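Remarks on the structure that follows.
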Protein chains: 4
Amino acid sequence: MRAEPEQARSRERRQRILEAGVAVFARKGFRDTLVDDIAAEADTSKGGVYFHFPNKQAIFLALLEQMGSLLARRLEEAMARAEGPRARGDAALLTALRTFSGHRALSRLFFVEAMGAGRQFSAAMMEQHSRFITLIRHNLDEAVTAGVIPPLDTELAATAWFGALYEVTTRWLLTGRPARLEDAYPALRLLLARSVGLEESGDPGAERGTTQGEG
Amino acid sequence: MRAEPEQARSRERRQRILEAGVAVFARKGFRDTLVDDIAAEADTSKGGVYFHFPNKQAIFLALLEQMGSLLARRLEEAMARAEGPRARGDAALLTALRTFSGHRALSRLFFVEAMGAGRQFSAAMMEQHSRFITLIRHNLDEAVTAGVIPPLDTELAATAWFGALYEVTTRWLLTGRPARLEDAYPALRLLLARSVGLEESGDPGAERGTTQGEG
Amino acid sequence: MRAEPEQARSRERRQRILEAGVAVFARKGFRDTLVDDIAAEADTSKGGVYFHFPNKQAIFLALLEQMGSLLARRLEEAMARAEGPRARGDAALLTALRTFSGHRALSRLFFVEAMGAGRQFSAAMMEQHSRFITLIRHNLDEAVTAGVIPPLDTELAATAWFGALYEVTTRWLLTGRPARLEDAYPALRLLLARSVGLEESGDPGAERGTTQGEG
Amino acid sequence: MRAEPEQARSRERRQRILEAGVAVFARKGFRDTLVDDIAAEADTSKGGVYFHFPNKQAIFLALLEQMGSLLARRLEEAMARAEGPRARGDAALLTALRTFSGHRALSRLFFVEAMGAGRQFSAAMMEQHSRFITLIRHNLDEAVTAGVIPPLDTELAATAWFGALYEVTTRWLLTGRPARLEDAYPALRLLLARSVGLEESGDPGAERGTTQGEG
DNA sequence: GATGAATGAGAGTTCATTCAT
DNA sequence: AATGAATGAACTCTCATTCAT
């Protein structure tokens with residue numbers, strides 16, 4: 001009997017706690033966030049939180065994973081719609097910027113809080129970084145194979161690209177510049193493209209989110 | 001009238017505490033480090049630590065500042081020896097990689113622990129980042145003025161460069177790759193140079209630490 | 001819906017902590033009392049104490065207030081039963097002596113510990129003193145109005161009366177003399193009465209702990 | 001050789017520390033006063049303080065004793081100049097009020113800080129109280145013997161008198177009323193006199209500090 | 001499922017006292 | 001005599017986690 005609705009309610013509550021987690025962690029940081037804060041923000045009690053998560057860390061980790069998955073999903077979608085390594089790269093960059101821009105609090109966890117929240121998170125974060133660095137690398141490898149760009153140390157390049165994106169996003173989060181993160185797209189695109197030996201080409205309108213062949 | 005030696009002893013002890021701080025913070029992270037740990041590592045007592053520093057945070061901040069100053073000093077020296085924007089850039093990059101490489105523990109604080117150690121440190125860290133981003137930017141501005149590279153958004157480029165360097169260094173710290181951080185120099189140099197529109201030129205051997213303009 | 005019992009249990013525990021507070025504060029004094037001592041005496045944990053009170057001081061203050069209220073309540077009752085300023089004064093004095101006598105530990109806080117427990121308590125204590133000085137003063141004012149005693153500086157008289165009572169009680173607490181505080185009643189009554197120009201009269205027997213004027 | 005001047009300098013320094021003690025203890029209370037505070041106020045160092053006093057408590061105790069002795073000396077002088085128990089009593093009361101009034105900070109220690117500064121001081125304070133209560137009692141005994149006042153429980157009366165004086169002085173210290181403590185003299189004198197059965201008499205001018213026969 | 005009272009192992013910080021110089 | 005660096009025992013308060021109801 002009504003097992004389904006029960007489960008649904010449970011999932012709902014769990015989600016509410018996660019959302020509360022984003023809000024509070026982004027506001028106070030991991031260490032300064034009390035489980036009570038999360039409980040209050042989620043309109044439940046401390047015990048309620050512990051029913052859904054084994055501990056505070058698990059909430060944070062779930063959030064990191066959530067952000068990672070969200071980004072990965074969007075990137076896949078965007079890249080699937082694009083043709084050719086260059087268009088895929090453009091699409092990915094723009095999608096990433098837009099995703100961070102649209103989830104500022106979650107991004108803050110991902111970029112600012114995660115790293116130093118404790119020894120335990122370094123590993124989890126490096127995994128997330130690796131996930132995207134690998135994605136970038138694969139695309140670069142394809143581009144090399146396709147002859148679009150000259151051969152190069154794609155692991156290093158991917159790492160550097162990710163770092164560039166990371167720092168630009170962190171700056172935006174902490175200093176508010178540029179006002180809209182997406183505004184960094186054209187210059188960043190040019191920078192990254194050139195760095196791997198790609199000559200300029202007409203830019204695929206950032207406004208439409210579409211991309212087109214690399215010419 | 002032996003006020004001097006007294007002061008010297010005091011400064012010495014202060015320094016010993018700072019060195020202990022690097023070691024312990026790098027090993028355990030900021031939050032997991034007990035003041036007692038630092039005291040033990042410095043062969044003194046908790047009270048001794050508190051005689052020289054008002055609190056744990058102050059030790060960390062002093063270390064951050066120390067790392068920033070060390071790096072700044074080295075960069076200035078290296079850049080002063082080089083001629084032309086390109087050579088200066090090469091010298092700076094190599095010097096940075098070598099400095100991090102030679103102060104792994106201190107770098108760990110700077111790169112890994114600092115950011116998430118608490119809201120209070122974000123500001124201090126952003127200041128350090130800004131310090132070097134500004135340095136990079138000035139050099140890029142000069143390069144543009146000198147006509148060495150085409151005009152571009154130097155603020156964004158500087159941020160991206162710093163980010164690239166940051167991520168590469170963080171990877172090295174956390175994964176141990178590349179084995180020697182300096183090994184990343186040639187590929188990173190090429191990447192960064194290209195990104196701002198600089199064409200290749202013979203690389204000044206990293207081993208000799210010399211560089212020269214491309215004419 | 002058994003919110004009530006929950007609350008009852010909570011209130012009960014709170015009360016147990018207060019009672020433990022009286023015992024330990026009286027035994028060790030405010031500063032020398034550890035929150036752990038109170039917790040142990042109340043058969044709970046340090047955290048338990050902090051769940052019910054924000055800090056050690058709050059426990060002490062609650063106790064002071066409790067003592068003040070207890071005394072005020074008893075005085076009101078006793079005075080309501082008496083007729084005429086003189087009888088009310090007698091009743092109040094006797095009630096006060098008996099209350100202190102019957103709550104030795106609590107009185108110790110009130111008389112001995114409170115004042116020097118810290119700058120923060122001086123204010124709270126002066127308020128309690130004022131409370132009773134005002135009570136005395138009102139009664140004296142009434143007595144003057146009723147023509148029972150000649151006009152006089154009732155504020156000073158009330159202060160002096162309170163002081164006399166205070167010192168007598170403190171002596172009893174610290175030296176154990178007189179053996180029963182109530183034994184001081186007849187002499188103290190006579191002293192205070194005369195001090196404001198009241199001629200002796202037969203004593204209304206304190207429940208018949210009786211005494212009578214020497215006249 | 002110059003042993004004398006050495007000793008003089010030492011005594012001087014000791015005195016400076018005591019004066020610093022009065023100032024700081026009165027300002028912050030015993031527990032909240034740091035030995036460093038006293039050292040700073042006395043323009044010396046922590047070690048300097050410990051050269052002259054074995055510990056913090058000893059400074060406080062010395063101060064208490066100093067106040068007690070000062071008061072005792074003055075009372076003796078004033079009482080020696082007066083003739084008859086009544087005049088002696090008047091002289092003593094006025095002298096006490098004037099002494100407290102003229103040494104407000106020291107009085108604060110004596111009246112406010114001493115009692116609750118810790119279990120250790122209760123004894124010392126009770127001794128000081130006893131000293132004066134005994135003095136009062138002797139005078140009352142003489143007055144009884146001389147037939148000036150009717151027989152009464154002089155121990156209790158002395159205690160009550162002291163308490164009255166204590167509370168009046170404490171009020172003045174903490175609330176600033178009356179503006180000049182000496183202003184309480186006439187009313188207090190009348191009150192105390194009457195309390196032991198003394199009929200009014202012309203008041204000995206408080207202004208001259210002299211007193212005259214009891215009439 | 002939910003609640004919130006209870007737990008208790010710390011953690012940072014303070015400061016009287018000591019002592020080498 | 002004096003200094004001020006060093007010591008280390010205490011102490012208050014915190015908070016993730018548990019658990020009876």
Side-chain angles (χ1 to χ4, degrees), chain A residues 6-7 9-10 13-14 31-39 42-59, chain B residues 2-3 5-7 9-14 17 31-39 42-57, chain C residues 2-3 5-7 9-14 17 31-39 42-57, chain D residues 6-7 9-10 13-14 31-39 42-59:
Chain A
E6 291 271 323
Q7 277 184 24
R9 184 121 50 96
S10 184
R13 182 64 71 110
R14 193 190 134 94
R31 304 301 275 253
D32 293 343
T33 290
L34 311 185
V35 175
D36 265 323
D37 292 335
I38 299 177
D43 272 320
T44 182
S45 66
K46 212 193 298 228
V49 172
Y50 275 93
F51 181 81
H52 290 284
F53 294 91
N55 53 43
K56 190 170 104 167
Q57 206 176 123
I59 305 174
Chain B
R2 37 171 231 299
E6 292 276 322
Q7 279 184 24
R9 181 105 60 91
S10 190
R11 236 179 292 128
E12 206 176 284
R13 180 64 70 111
R14 195 191 133 94
I17 291 168
R31 300 300 272 252
D32 294 342
T33 290
L34 309 189
V35 175
D36 266 324
D37 293 337
I38 299 177
D43 270 321
T44 182
S45 64
K46 208 195 298 226
V49 173
Y50 276 96
F51 183 82
H52 290 283
F53 295 91
N55 51 45
K56 193 170 88 161
Q57 200 177 127
Chain C
R2 34 172 236 299
E6 292 276 323
Q7 278 183 23
R9 181 105 61 91
S10 189
R11 235 179 293 127
E12 207 176 283
R13 180 64 70 113
R14 195 190 132 94
I17 291 168
R31 300 299 272 256
D32 294 342
T33 291
L34 310 189
V35 175
D36 267 322
D37 293 335
I38 298 178
D43 270 320
T44 182
S45 65
K46 203 196 303 227
V49 173
Y50 276 96
F51 183 82
H52 290 283
F53 295 91
N55 51 44
K56 193 170 88 163
Q57 200 177 129
Chain D
E6 292 271 321
Q7 278 185 25
R9 185 120 50 96
S10 184
R13 182 64 71 109
R14 194 190 134 95
R31 303 302 275 252
D32 293 342
T33 290
L34 311 186
V35 175
D36 265 323
D37 293 335
I38 299 177
D43 271 321
T44 182
S45 66
K46 213 195 292 230
V49 172
Y50 275 93
F51 182 82
H52 291 283
F53 294 91
N55 52 44
K56 190 170 104 165
Q57 207 177 118
I59 305 174

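Small disclaimer: the values here were computed from a predicted structure and weren't measured. Order of the sequence lines fixes the chain letters, A, B, ..., with proteins taken first and strands second; residue numbering starts at 1 for each chain.
- We find that CZ of B:F53 is positioned 14 Å from C1' of F:dA5, with the value rounded to whole Å.
- Put simply, A:H52 has a side-chain N or O that comes within less than 4.0 Å of OP1 or OP2 on E:dA2.
- Both B:T33 and C:G47 lie near DNA chain E, and the one whose nearest nucleotide falls closer to the 5' end is C:G47.
- Here the nucleotide nearest the side chain of A:K56, chosen from F:dT17, E:dG4, F:dG4, is F:dT17.
- If A:P54 and D:S45 are placed on DNA chain F by their nearest nucleotide, the residue sitting closer to the 5' end is D:S45.
- With sequence neighbours left out, the salt bridge (Lys or Arg N to Asp or Glu O under 4.0 Å) criterion links C:D36 to C:K46.
- The phosphate of F:dA6 has OP1 or OP2 within less than 4.0 Å of a side-chain N or O from B:R13.
- Contact detail for C:S45 and C:A39: the closest heavy-atom pair is C-CB, 3.5 Å.
- Atoms CG and CZ, from D:D32 and C:R31 in turn, are 5.0 Å apart once rounded to the nearest 0.5 Å.
- The residue from D:V35, D:I59, D:I38 that alone fulfils the side chain to side chain contact (heavy atoms under 4.5 Å, CB included) condition with D:F53 is D:I59.
- In this structure, C:K56 NZ and C:Y50 OH are separated by 8.0 Å, a value rounded to the nearest 0.5 Å.
- The line from CG of B:D43 to CD1 of B:I17 is 11.0 Å long, rounded to the nearest 0.5 Å.
- Note on D:N55: only backbone sugar-phosphate atoms sit closer than 4.0 angstrom, heavy atoms only; bases stay farther off.
- Put simply, CZ on A:R31 is 14 Å from C1' on E:dG12, counting in whole angstrom units.
- Closest approach of B:R14 and B:H52 over heavy atoms only: NH1-O, 3.9 Å.
- DNA chain F forms stems at E:2-21 with F:2-21, each a run of 3 or more consecutive Watson-Crick or G-U wobble pairs whose two key distances fall under 3.5 Å.
- Regarding contacts with the backbone of F:dT3, a side-chain N or O of D:T44 is found under 4.0 angstrom from either OP1 or OP2.
- Considering only the side chain of D:F51, F:dA2 comes nearest among F:dA5, F:dA2, E:dT18.
- Residue D:R14 contributes atom CZ, which lies 13 Å from atom P of F:dA1 at whole-angstrom precision.
- Rounded to whole Å, the distance from CG on C:D32 to C1' on F:dA9 is 14 Å.
- Rounded to an integer number of Å, the gap from CG of D:D36 to C1' of F:dG4 is 9 Å.
- For D:D43 and F:dA1, the CG to P distance is 18 Å, given to the nearest whole Å.
- Between the P atom of F:dC19 and the OH atom of A:Y50 lies a distance of 13 Å, rounded to the nearest Å.
- If you take atom C1' in E:dG1 and the same atom in F:dT21, they sit 13 Å apart, rounded to whole Å.
- Here F:dC13 presents its C1' atom at 13 Å from CD1 of C:I38, a figure rounded to the nearest Å.
- The base of F:dT17 is paired with the side chain of A:K46 by a donor and an acceptor separated by under 3.5 Å.
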